[in-house]
Participant: 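Okay, handing you the structure first.
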Amino acid sequence: MSFWNELRKRRVPHLLLASAGTVWALTEVVQFSVQRYGVPDVWVDRVLLGGLLALPLVAWLTWRIGAEGEIVWRRRDGAFGIANVLLVLGAVWALPNSSVDPPAPAEVAVLAEPATIPRKPSLLIGAVRTGDEDTLAQDLAFALPTLIETDLQYETGLLSSSFVSLGPRSVLATLAAQGITDPRKADAGAWRLVAKSVRVDAMLVGDLIRVGDEWVLSLVLTRWQEKEIRDTFEVKSRQPAELVDLAASAVRNKMLTDATSLAGEDPSFTSISSELWPALLGYARAREALEIQSRPAEALAMFDEVLAQAPTFAMARWYRLMAQYALGRFDEMKPATEALTRQITQLPLTTRFQLQIFEARLRNDRNAETEVLKLWVTSDPAAPEPLFALAEQDYRNEGSDTSLAALTELARRAPNVDQLLRVASRHEERGDPEAARTLREEAMKRRPTEPEAWIRQAQADEQSGRLDDAEAAYRKAQVLSPNNRVPPSGLVRIRFARGEYEQALVDATAQRKRSTHPASALASAMEHANLLNRLGRHAEALSILEAMYAEQGATMSPTDRASQLDYPVSESIAWARGYDAAKQFIDEHLQIADPASRQFYASQFKFRAAMGKEDFETASTLVPVIEESYRAMDIPIPTSLHRIFAFVALARGPMDTATVESILATDELMDADIRKGDMTAENRISLRIMVIPALLKAGRLDIATPWLDQAMTLRPKDPTMQVLKAEQLRAVGDLGTARTMLESMRPWINKADETSLLRQRFERVAAAID
């Protein structure tokens with residue numbers, strides 16, 4: 001005890017704790033530097049190990065200095081200090097250069113079981129920066145990432161993507177979370193976080209300077225294999241186009257042992273003379289407008305200018321086709337596709353097959369699509385897309401256990417976990433959550449730091465009513481991917497599902513304020529509005545959506561605006577102001593140029609607006625209009641839509657014996673639809689909820705009660721479900737429980753719009769109980 005008192009007197013424990021805290025703080029600083037500035041991650045281990053090994057020296061010096069009287073330094077003090085310092089330096093020096101960060105995809109591939117499907121390495125091409133204020137230097141730095149990506153797309157052994165092609169959701173949102181609004185000003189540390197968020201094997205960034213009449217491009221290629229490898233190299237040229245070729249060639253040599261580029265008839269960038277540099281710059285600007293800024297109309301005009309200067313630029317024609325698709329100009333796409341098909345040998349291998357599949361789908365020729373996929377598999381056995389597309393085709397056509405088993409086995413042999421997660425969703429759709437969970441657990445075991453696996457598991461648990469499990473998985477995903485907006489959105493929904501409505505709304509508001517990127521802001525606004533609509537507060541929800549419409553509507557393509565804004569706003573208008581107001585909004589605001597496509601969207605939006613108001617009579621009148629719009633587009637009507645139409649017709653009533661039998665027969669048909677993947681179990685529950693009020697009114701509790709109980713397992717505290725349950729309890733004579741349930745909801749019902757279906761149904765049930 002006296003020794004412990006002496007230690008405390010000399011403050012040895014105090015200094016040890018303070019030193020340990022300092023070591024931990026330094027480790028956190030280094031960890032931040034690793035993530036933010038690209039410092040080699042081995043320094044995290046070195047600082048932590050060195051700091052811990054130095055603690056004995058700290059304790060010894062504190063003991064000696066804390067003694068009473070004059071300090072007399074002895075030889076053994078010096079020997080101990082020197083020995084401890086040498087131990088620290090030796091251990092730090094001997095530490096292998098390995099990462100303690102969450103392993104990148106290539107690392108996991110090394111640790112995972114060998115896969116029979118080959119795996120292509122993936123590359124993210126980040127920004128090229130320049131300190132030169134010269135316009136040409138700025139233009140070249142702007143264009144280089146897109147041009148290098150285009151050149152590398154002809155390399156069949158490599159998956160190359162620039163930050164432009166990855167689009168705003170995956171790249172700009174991650175940068176925005178770091179306070180970076182211009183990706184071209186991001187440093188290597190910021191791009192490192194992006195590379196990890198999109199899970200690539202390598203990252204390329206560069207700096208451009210001009211020395212005399214020569215361009216010097218300094219490139220840094222970071223690869224994650226058994227350990228982190230960083231290569232720095234320079235390419236020089238007087239011509240911008242030649243600079244692209246040299247940079248792409250250097251990357252090929254570093255990333256691949258055997259270059260397998262397709263020369264074909266496609267001109268290299270060096271064959272496009274310097275007089276056509278404006279065409280290359282225009283191509284890069286058009287790609288930026290299309291993929292980053294979501295302005296396809298501007299992009300289309302830019303591509304037209306590019307092709308006027310360089311008519312044989314096949315990749316410019318391909319992306320021009322994508323701009324037409326974004327604008328909904330399907331009538332113009334068929335001749336454009338036929339024209340590009342005549343240049344097919346000038347496209348990269350993957351794009352060739354994508355074009356043929358695109359052309360087959362425009363003709364609705366599934367047999368041709370299948371033949372293209374088979375040829376793709378033969379031509380590029382390491383490409384996972386056609387293999388899975390064929391297997392999924394078999395599953396959709398047959399819907400059998402055998403076809404699903406084949407698809408599952410293919411996913412298990414794949415080198416990545418993306419396919420496992422996709423197939424898990426197929427099992428979930430078929431109503432087999434345990435098989436889906438097994439596949440997701442296999443994915444998480446193969447790649448424990450894959451946030452998407454945890455997100456998928458959380459979503460499945462949420463949809464199955466396992467809210468505690470869902471919350472744990474969302475929180476795990478949030479730790480693995482702090483900038484991903486999906487986990488916090490899931491946590492908001494879980495709060496709502498537990499009946500914590502006020503806190504859910506507070507969290508939803510906070511998430512909207514945190515959303516700095518337009519895509520994230522739009523998604524957060526949609527989710528906030530959805531919660532308000534479920535509470536019957538349609539006017540508040542509509543005000544949020546109308547603000548987003550004014551803020552983002554003008555910058556979106558017509559097809560994007562139709563699906564992302566026109567539909568939810570029109571549905572919210574129907575709830576808040578009635579079906580006629582929603583119909584007027586659709587007629588005035590839907591701006592898709594192609595008449596057939598416009599009718600295709602408009603008829604479905606009006607149908608959904610009528611359904612939102614439970615106006616089954618109006619919805620029924622729109623069924624033939626929708627069917628005609630599908631025929632005009634030469635698209636088969638989905639099975640799920642057939643089932644919706646059937647339920648709408650039956651919901652119109654009267655709910656007599658024959659109608660109920662038809663409902664049960666239609667419901668039974670959904671078993672086969674779910675097995676084939678034509679519908680999901682969630683679709684079926686939504687359709688059942690649609691007819692439950694009519695079944696309750698008709699006194700068919702034998703059907704309504706089990707359907708309602710199953711729905712409430714998934715949505716236990718949903719306001720509409722609560723009111724329907726109270727109505728069912730009243731019907732069976734349990735007035736006390738029904739009254740208690742309604743009273744618990746009354747504070748929220750009082751905040752709902754007076755015209756909302758929720759409030760009207762509540763008041764009707766409450767009056768019947770009283």
Side-chain angles (χ1 to χ4, degrees), residues 115-120 153-159 260-266 314-315 317-322 324-325 329-416 418-419 422-423 425-426 596 630-639 673 675-678:
T116 57
I117 301 175
R119 184 179 188 277
K120 298 181 182 182
Q153 284 178 332
Y154 290 87
E155 174 54 64
T156 60
L158 186 63
L159 297 175
T260 55
S261 303
L262 292 178
E265 299 177 16
D266 183 76
M315 287 301 287
R317 291 192 182 277
W318 167 251
Y319 285 107
R320 181 183 183 276
L321 195 65
M322 297 300 100
Q324 287 179 315
Y325 180 79
R329 298 184 180 179
F330 304 114
D331 55 336
E332 300 175 11
M333 290 174 62
K334 289 185 179 179
T337 303
E338 292 170 1
L340 184 54
T341 301
R342 292 192 287 272
Q343 285 184 268
I344 197 166
T345 56
Q346 300 176 20
L347 294 169
L349 183 65
T350 296
T351 311
R352 296 180 192 181
F353 290 114
Q354 289 173 337
L355 174 64
Q356 294 177 76
I357 290 172
F358 203 72
E359 192 269 339
R361 288 178 179 172
L362 284 174
R363 292 185 288 108
N364 195 29
D365 189 342
R366 294 199 173 183
N367 292 330
E369 182 180 345
T370 300
E371 292 305 314
V372 173
L373 289 170
K374 290 179 179 177
L375 181 59
W376 191 353
V377 170
T378 304
S379 304
D380 190 1
E385 302 99 316
L387 280 171
F388 280 92
L390 283 171
E392 287 186 320
Q393 268 192 3
D394 289 340
Y395 172 64
R396 285 197 304 269
N397 293 335
E398 298 179 15
S400 65
D401 293 339
T402 303
S403 61
L404 183 58
L407 186 62
T408 303
E409 179 59 27
L410 186 63
R412 284 192 165 123
R413 293 191 291 112
N416 295 323
D418 299 345
Q419 290 79 16
R422 281 168 55 187
V423 177
S425 298
R426 297 288 179 267
Y630 270 88
R631 284 192 289 269
M633 295 287 289
D634 199 19
I635 301 173
I637 300 176
T639 300
D673 298 334
R675 284 196 299 273
K676 291 180 65 175
D678 293 334

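FYI, side chains are in, hydrogens and waters are out, and symmetry mates aren't considered; it's all heavy atoms of this structure.
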Participant: Could you note down all residue pairs passing ring pair (Phe, Tyr, Trp, His ring centres under 6.0 Å) where residues 331-366 supplies at least one of them, sequence neighbours left out?
Facilitator: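 As it turns out, the ring pair (Phe, Tyr, Trp, His ring centres under 6.0 Å) pairs with a partner in residues 331-366, which skip direct neighbours, are Y325-F358, F353-W376.
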Participant: Measuring from L340:CG to R320:CZ, what's the distance to the nearest 0.5 Å?
Facilitator: 10.5 Å
Participant: Work out which heavy atom in R426 is nearest to a heavy atom in L407; give both atom names and the distance.
Facilitator: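 Scanning both residues completely, I find the closest heavy atoms to be CG-CD2, 4.3 Å.
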Participant: At what distance, to the nearest 0.5 angstrom, does OG1 of T370 lie from CD of Q393?
Facilitator: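 These two atoms lie 3.5 Å from each other.
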Participant: Mind checking the CD-CG spacing from Q354 to L321? Nearest 0.5 Å is all I need.
Facilitator: 11.5 Å
Participant: Determine whether a donor-acceptor pair (N or O, by modelled atom type, separation under 3.5 Å) exists between the side chain of T351 and the backbone of L347.
Facilitator: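 The answer is no, because no donor-acceptor pair under 3.5 Å joins these two groups.
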Participant: Measure the CZ-CE distance between R317 and M315 for me, rounded to the nearest 0.5 Å.
Facilitator: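 The distance works out to 13.5 Å.
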Participant: Which residues pass the side-chain contact (heavy atoms from CB on, under 4.5 Å) test with K334, not counting sequence neighbours?
Facilitator: L362
Participant: Applying side-chain contact (heavy atoms from CB on, under 4.5 Å), name anything that partners S425, two or more places apart in sequence or on another chain.
Facilitator: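 R456.
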Participant: Can you tell me how far apart CG (L410) and CG (D394) are? Round to the nearest 0.5 Å.
Facilitator: 10.5 Å
Participant: Mind checking side-chain contact (heavy atoms from CB on, under 4.5 Å) for E338 and listing every partner two or more places apart, or none if nothing turns up?
Facilitator: none
Participant: List for me each residue that meets side-chain contact (heavy atoms from CB on, under 4.5 Å) alongside A360, sequence neighbours excluded, and say none if there are none.
Facilitator: R363, A368, E369
Participant: For the pair E359 and Q356, evaluate side-chain hydrogen bond (donor to acceptor under 3.5 Å, both in side chains) and give the outcome as yes or no after the intermediate values.
Facilitator: CA-CA 5 Å; E359 192 269 339; Q356 294 177 76; over 6 Å; no
Participant: Search all heavy atoms of V377 against all heavy atoms of P386 and return the closest pair with its distance.
Facilitator: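 Distance-wise, the nearest heavy atoms are CG2-CB, 3.6 Å.
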Participant: Tell me every residue that passes salt bridge (Lys or Arg N to Asp or Glu O under 4.0 Å) with R366, counting only those two or more places apart in sequence or in another chain.
Facilitator: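 For R366 there are no salt bridge (Lys or Arg N to Asp or Glu O under 4.0 Å) partners, ignoring immediate neighbours.
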Participant: For T156 and D380, which heavy atoms make the closest approach, and how far apart are they?
Facilitator: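 Here T156 and D380 meet closest at O-OD2, 4.4 Å.
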Participant: Are any side-chain N or O atoms of Y630 and backbone N or O atoms of P638, one a donor and one an acceptor, separated by less than 3.5 Å?
Facilitator: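 The answer is no, because no donor-acceptor pair under 3.5 Å joins these two groups.
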Participant: Measure the CD1-CG distance between I344 and L355 for me, rounded to the nearest 0.5 Å.
Facilitator: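 Going from the CD1 atom of I344 to the CG atom of L355 covers 5.0 Å.
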Participant: Of the non-hydrogen atoms in P348 and Q153, which two are nearest, and what is the gap between them?
Facilitator: CB-O, 3.2 Å
Participant: E392 and R422: side-chain contact (heavy atoms from CB on, under 4.5 Å), yes or no, with the steps?
Facilitator: CA-CA 10 Å; E392 287 186 320; R422 281 168 55 187; 2.9 Å; yes
